[in-house]
Amino acid sequence: MMLPNELNEVIELVKNHTIWRKKECINLIASENVMSPLAMILYMNDMMHRYAEGKPFKRYYQGLKYVDELEVKTQKIMGELLGTEYVELRPISGTIANATVYKSFANYGDKAVVVPVQAGAHVSHTRYGTLGALGMEQVEMPFNLEEWNIDVDGAVKLIQQVKPRLVILGGSLYIFPHPVKEIAEAAHSVDAKLMYDAAHVLGLITGKAWENPLKLGADILTASTHKTFPGPQGGLIATVTREDYKKVGKVVFPMFVSNHHLHRLAATAVTGIEMKLYGEEYAAQILRNAKTFAEALAENGFKVIAENKGYTNSHQVIIDVKEHGGGAKNAQLLEEANIIVNKNLLPWDKPEDIKNPSGIRLGVQEATRWGMKEDEMKQIAEYMRMVVIDKKDPSIVKEKVKEFRKNFIEVQYAIKISAEMEEELLKIMLHPTRI
Ligand SMILES: *Cc1c(COP(=O)(O)O)cnc(C)c1O
């Protein structure tokens, strides 16, 4: 049968995207990653068609005996990685995890003290995002630009003065750990909960390359499961106490999810097991790569943020490209060279700079997962110089990037299965009736 034209177009788009982004590009978007083939195969399971409202073994639907067991097992794996028994996996994204925590611990009209937007807060921490949608007021902590971190004394005073219901740490532009201990003490002294948004750094925490906020006084951790933690797109909430866990469990369903995209449980579990096996090695390599990348960019003439602090302790490196035409223009040129990045506001930018901010945010976690190490970081810094500083034709650099990518075609820090097992599993996922 001839396939309808529009169908061919759909197939083409998916093929083109996948080959381009997975095979020909260097991806430096700090919030993205790739799953292992095994996690992807199991992601295609029948649970994507099912509903499981309620908690494991206490559902409103039948047919879930395997789902219940898998959800509990995945909670256990993630709990072991995070050092707590209390993990809620039903939020389908980091944003939904945050909304769940806000609704669980605060009310309409309450205040939340958050990291300032220019210094890395996520939109879900602001009046424009879920915080605002739930009627909460965003109060920004002071930021110390020299330290590239929260001004601890100022933030403590602010918390004591404002007496918020919630304090939120963690962010999207995030190169140094926030001061959890001091802020937790201040929050608890006014009876506020401290929520730590670990969306970006979950994989560093599970790999023990970033401090675990739950051990330092944070009450609740929220995260996405697809940034430095290289799993399927999804969210989670981890708590220290059983009481808080129960509270969020009563809010996430029925308030923020109905089905919770059940097929991601298996992929999250596989990724969690991979992180138990290889996570420390992976996270340590991410930190080495980020540091090397920052230094190499500086050597190539880039203005890299936080030189006085050693540039970065996370997976991110931030550059200021205002003198080269700004973040928007250069992000576009880099895309034409198959180097994928995003423009970003820097603390000194004005709100009207949003269309062409000074900064570009870079993350090395996906490059690391493809097996790239220090030498490759130096090479990527050179490709970036050619485009941004030397103003070389991006299409020439693109050919070099495509050639370079040919050496990094297999996801690392992953469980490898035999070709036969892969085929067998794919057959079960796609055509269970044929076996
Ligand atoms: C990405 C991000 C989120 C939102 O996560 P989604 O899974 O995209 O909803 C929340 N908080 C921070 C700090 C983030 O960086």
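It should be emphasised that the depicted structure is a prediction, and the values quoted were computed from it without experimental measurement. Numbering of ligands and ligand atoms starts at 1, following listing order.
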Task: Leu13 backbone acceptor or donor facing Asn16 side chain under 3.5 Å - done: no

TODO: Would you mind checking which non-hydrogen protein atom is closest to atom 14 (C) of ligand 1, with the distance to 0.1 Å?
DONE: Lys227 NZ, 3.0 Å

- [ ] Identify, for atom 5 (O) of ligand 1, the protein heavy atom at the shortest distance, and state residue, atom and that distance.
- [x] Ser224 OG, 3.0 Å

TODO: Determine whether the side chain, the backbone, both or neither of Ala199 has a heavy atom under 4.0 Å from any heavy atom of ligand 1.
DONE: side chain

Open item on the list: At less than 4.0 angstrom from any non-hydrogen atom of His200, what atoms of ligand 1 do you find?
Closed with: 15 (O)

Open item on the list: If the threshold is 4.0 Å, N to carboxylate O, is there a salt bridge linking Lys208 and Glu280?
Closed with: yes

Task: Test log, rule side-chain hydrogen bond (donor to acceptor under 3.5 Å, both in side chains), inputs Glu366 and Asn27 - done: CA-CA 7 Å; Glu366 182 173 329; Asn27 188 38; 2.7 Å; yes

Open item on the list: Regarding Lys157 and Asp153, does a basic nitrogen lie under 4.0 Å from an acidic carboxylate oxygen?
Closed with: no

TODO: Examine Gly94 against ligand 1 and note whether any of their N/O atoms are separated by less than 3.5 Å.
DONE: yes

TODO: Would you mind running through ligand 1 and noting each atom that sits below 4.0 Å from a heavy atom of Ser172?
DONE: 12 (C), 13 (C), 14 (C), 15 (O)

Open item on the list: Just to be sure I read this right, does ligand 1 sit under 4.0 Å from the backbone of His226, its side chain, both, or neither, counting only heavy atoms?
Closed with: side chain

TODO: Look at atom 11 (N) of ligand 1 and say which protein heavy atom is nearest, naming residue and atom and giving the distance to 0.1 Å.
DONE: Asp197 OD2, 2.5 Å

Task: Ion pair Arg288/Glu374, N-O distance below 4.0 Å - done: yes

Open item on the list: Testing the basics here: between Arg264 and Pro91, what is the closest heavy-atom pair and its distance to 0.1 Å?
Closed with: NH2-O, 3.1 Å

- [ ] Please check if atom NZ in Lys55 has more than 12 non-hydrogen atoms from other residues, nucleotides or ligands closer than 6.0 Å.
- [x] yes

- [ ] Say whether Ser124, considering both its backbone and side-chain N or O atoms, lies within less than 3.5 Å of an N or O atom on ligand 1.
- [x] no

Task: Where ligand 1 meets Gly171 - atom numbers and elements under 4.0 angstrom, heavy-atom basis - done: 13 (C)

